[in-house]
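On a predicted model such as this, the values are computed, not experimentally measured, just so you know.
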Amino acid sequence: MIQLHNILKKRYSLFFLTLVIICITHKIPAVKATISLGLIPSPDIPGIPKEGDDYSKLLAYSLYFYEAQRCGFLPKNNRVSWRHNSALDDGKDRDVNLTGGYYDAGDYVKFTLPLSWVLSLISWGAIEWFEGYELSNQTEYLREMVKWGTDWLIAAHPKPNQLFIQVGSSHLDNTYWGPDTNIPYPRPSYEINSTLHGTDVAAEAAAAFASSAILFRDFFNDTAYASILISHAISVYTFAENKTLQLSSKAIPGTFGYSTSTYTDKLVYAAIWLYKATNQTQYLDKAINYYNEFQLQDSLRIMSWDDQTGACNILFAQIYFRESSKNYTIWSDETERYLDRIMTNKSDCNFTNGGLLWCKGDSESASIPISLYGAFGFFMYASYSSTIEKANYYKNFASSQIDYLLGANPMKMLYVVAVHPNSPKNPHHAGAHGGTNIGNMNDPPETMHSLYGAVVGGPDMNDTYHDSRADIVQSEVALDYNAAFQGIMAYYVINTYVPPSNRDRPIKPKPKNSKPTNSNPEISNSSLSQQQKIIIIIVSLIVFLSILISAAIVYNKHKFCIGNNRKTLENFEK
């Protein structure tokens with residue numbers, strides 16, 4: 001009997017040890033989820049959080065990048081020490097004041113088309129995920145960022161049938177590599193008008209005016225400025241429609257820096273935003289009629305400044321999600337068919353070996369921004385999906401692209417400048433480089449100024465990145481590269497936020513006219529909220545203690561039985 005007792009004791013000890021191992025391994029995912037991105041400590045720049053989560057910092061860095069792209073007379077609160085008042089005569093050749101606005105990329109040319117796309121995308125992200133800006137204390141920086149662009153866009157639309165679409169010569173600018181204090185002249189101003197019509201840029205500008213008007217009216221309570229923006233939106237959209245429909249590149253051949261593939265999607269995109277801004281059903285009817293007339297169903301392209309069909313699908317689904325269950329089903333089916341084709345390689349998109357979304361014809365010129373556009377669309381639509389399974393499916397895909405951006409890639413690169421030890425060191429940006437040898441971009445060899453928060457073009461289809469400022473495809477930075485990234489970081493802030501225990505500052509309530517935020521905390525395993533991590537740990541401990549108590553009870557019962565059996569045997573022997 002003593003031998004039987006020892007055997008049972010060993011078995012229960014082994015059973016107990018196994019339970020401990022199970023419980024410990026069950027906790028491992030929660031432990032991994034607490035690992036940070038390892039960002040470099042925040043610099044001493046106003047508005048960049050020194051504490052808090054990584055996504056709040058990345059959101060703040062992105063807004064800082066847009067400040068680094070400012071042109072014209074800089075305000076007193078300018079945070080970029082190496083940026084100066086510049087290009088102060090813009091527009092004088094056409095008797096208009098076109099100072100201000102944003103330089104498009106690492107050079108000194110200004111373009112209306114990509115700027116308009118950026119303003120609409122950032123406004124869209126802010127409308128949906130405004131709380132992320134609030135939690136990061138970035139709402140005022142957001143307001144300034146958008147208004148710096150819309151103020152210039154207003155100036156670029158001085159008459160109903162006139163819109164300036166470019167300032168500066170791309171050919172001349174490409175021969176100059178130096179600071180903003182000696183930008184070469186002349187800086188010609190190019191326009192579209194009643195004679196030289198450009199449907200694509202005019203419609204894109206209308207979308208920018210309308211979407212930003214919603215942001216200023218419903219979130220910044222600036223109804224006066226919003227009214228000005230809506231007025232311009234209506235006017236420039238009418239201009240887009242009232243002449244022979246054609247691309248701006250046809251109106252101004254050989255000089256225009258951005259050439260789109262089509263204007264059809266932009267007429268739809270702008271009409272949707274006009275409906276959302278004015279609530280006039282005529283614009284929603286226009287949007288649907290154009291969508292059907294131009295046969296935009298079965299689009300295979302990822303949404304971008306060149307093609308916004310995917311964005312139109314998502315916007316339609318969002319509108320009818322709140323207004324009509326029947327029409328919602330129609331547009332959710334269309335949107336999910338579009339998204340599913342992208343994810344399952346039934347479009348022009350597939351994946352690199354490292355997991356980066358790669359869309360043929362788009363990713364070759366900027367792989368990371370294209371991936372971010374995709375992620376933005378999937379996150380934006382996920383909360384409007386027809387099923388929970390679809391929603392999680394889309395969010396998991398989008399999260400994989402953000403994981404790639406933030407270091408989960410073969411190069412272990414974090415493709416955002418100056419925020420991590422593995423960030424790119426040599427962005428293609430003349431101002432940040434700091435050199436004065438206008439003919440040699442490698443003098444000096446190291447970048448002198450930190451271009452915090454700039455998203456670079458990214459790796460090739462083999463997941464290789466060379467970090468050379470001469471490689472304009474991989475190391476270029478641009479306004480549109482950060483547009484989707486900024487909105488996604490606001491989304492991540494919301495879904496990973498933990499209120500500090502020592503802070504009692506109430507969150508600013510949403511405006512009465514604001515739309516409800518549709519967010520879901522299931523971003524990815526690497527982006528679990530602190531509340532989720534705590535719950536996982538508590539549940540693990542409860543399970544562990546429950547099993548431990550159960551094991552002890554069972555063990556004691558067996559011990560009691562063995563003792564009784566021993567006494568029975570002794571009595572029998574006596």
Side-chain angles (χ1 to χ4, degrees), residues 66-75 80 83-120 145-159 161-193 195-198 200-206 208-209 212 232 236 239 247-260 305 429-431 438 476-481 483:
Y66 282 108
E67 280 195 34
Q69 296 300 106
R70 283 178 174 176
C71 169
F73 291 99
L74 302 182
V80 186
R83 180 60 81 196
H84 311 88
N85 295 335
S86 60
L88 304 181
D89 295 327
D90 283 357
K92 279 190 174 181
D93 60 320
R94 306 303 299 273
D95 294 324
V96 291
N97 182 4
L98 296 178
T99 59
Y102 290 102
Y103 295 122
D104 177 61
D107 49 20
Y108 301 106
V109 184
K110 297 186 288 192
F111 298 103
T112 299
L113 179 72
L115 172 63
S116 297
W117 164 244
V118 166
L119 292 173
S120 71
M145 179 264 144
V146 175
K147 193 172 186 298
W148 193 269
T150 52
D151 281 350
W152 185 85
L153 207 57
I154 290 170
H157 183 227
K159 299 177 182 178
N161 291 343
Q162 183 182 36
L163 178 67
F164 285 91
I165 63 175
Q166 179 176 334
V167 179
S169 166
S170 298
H171 302 296
L172 180 62
D173 197 79
N174 288 338
T175 64
Y176 173 76
W177 186 266
D180 56 10
T181 51
N182 292 303
I183 299 174
Y185 280 81
R187 288 177 58 81
S189 306
Y190 301 96
E191 67 175 90
I192 53 175
N193 51 46
T195 303
L196 302 171
H197 195 241
D200 50 350
V201 186
E204 196 74 63
F209 281 128
S212 57
H232 279 276
V236 78
F239 169 50
L247 297 175
S248 297
S249 55
K250 185 175 180 180
I252 313 175
T255 57
F256 191 38
Y258 277 80
S259 299
T260 65
W305 60 265
H429 194 281
I438 61 173
E476 178 74 289
V477 299
L479 297 178
D480 63 294
Y481 288 13

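- Checking side-chain atoms of Q166 against main-chain N and O of G168 turns up a donor-acceptor pair under 3.5 Å.
- Put simply, the side chain of E476 reaches to within 4.5 Å of the side chain of Y481, judged on heavy atoms.
- When atom types are taken as modelled, the side chain of K110 and the backbone of T99 share no donor-acceptor pair closer than 3.5 angstrom.
- Counting heavy atoms from C-beta on, the side chains of P186 and D93 never come closer than 4.5 Å.
- Listed here is the closest heavy atom pair of A202 and L163: CA-CD2, 3.8 Å.
- In this structure the side chain of Y258 never reaches within 4.5 angstrom of the side chain of T112, judged on heavy atoms.
- Using a 4.5 Å cut-off on side-chain heavy atoms (C-beta onward), L247 and T260 make contact.
- S116 and A208 get closest at one heavy-atom pair: O-CB, 3.4 Å.
- One finds the CZ atom of R187 at 9.5 Å from the CG atom of D89 (value rounded to the nearest 0.5 Å).
- Between atom CG of residue N182 and atom CD1 of residue I438 there is a gap of 8.5 Å, rounded to the nearest 0.5 Å.
- Side chains of V118 and D480 form a contact here, defined as non-hydrogen atoms less than 4.5 Å apart.
- For the pair D200 (side chain) and S248 (backbone), a donor-acceptor distance under 3.5 Å is present.
- Of all non-hydrogen atoms in A430 and G178, the two that sit nearest each other are CB-O, 3.5 Å.
- Closest of all the heavy-atom pairs between Y66 and L479 is OH-O, 2.6 Å.
- At most 12 heavy atoms of other shown residues, nucleotides or ligands fall within 6.0 angstrom of atom CZ in F73.
- Taking the six-membered ring where tryptophan is involved, the planes of H157 and F209 are tilted, since the angle between them lies from 30° to 60°.
- A donor-acceptor pair is defined here as one N or O able to donate and one able to accept, closer than 3.5 Å; such a pair exists between the side chain of Q69 and the backbone of Y103.
- The shortest side-chain heavy-atom distance between S189 and V96 does not fall under the 4.5 Å cut-off.
- The backbone N or O of F239 lies less than 3.5 Å from a partner atom in the side chain of H197, making a donor-acceptor pair.
- Side chain of D180 to backbone of H84: a donor-acceptor contact under 3.5 angstrom is found.
- Between W152 and L98 the shortest heavy-atom distance is NE1-O, 2.9 Å.
- The main-chain N or O of P188 is never found under 3.5 Å from a side-chain atom of S169 such that the two would form a donor-acceptor pair.
- For the atom pair CD (Q162) and CZ (R94), the distance works out to 7.0 Å, reported to the nearest 0.5 Å.
- Side-chain atoms of C71 and D90, non-hydrogen and from C-beta on, do get closer than 4.5 Å to each other.
- Rounding to the nearest 0.5 Å gives a distance of 7.5 Å between CG of L153 and OG1 of T150.
- The aromatic rings of Y176 and Y108 sit tilted, their planes meeting at an angle between 30° and 60°.
- In this structure, N85 contributes its side chain and L74 its backbone to a donor-acceptor pair below 3.5 Å.
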- Query: After noting the C-alpha distance and the side-chain angles of I165 and L113, does the key distance pass the side-chain contact (heavy atoms from CB on, under 4.5 Å) rule?
  - Reply: CA-CA 7 Å; I165 63 175; L113 179 72; over 6 Å; no

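- Looking at N174, its side chain does come within 3.5 Å of a backbone N or O of S170 through a donor-acceptor pair.
- Scanning all heavy atoms of the two residues, the minimum distance from R70 to P75 falls at NH1-CG, 3.3 Å.
- With contacts defined as side-chain heavy-atom distances shorter than 4.5 Å, the pair D104/L115 does not qualify.
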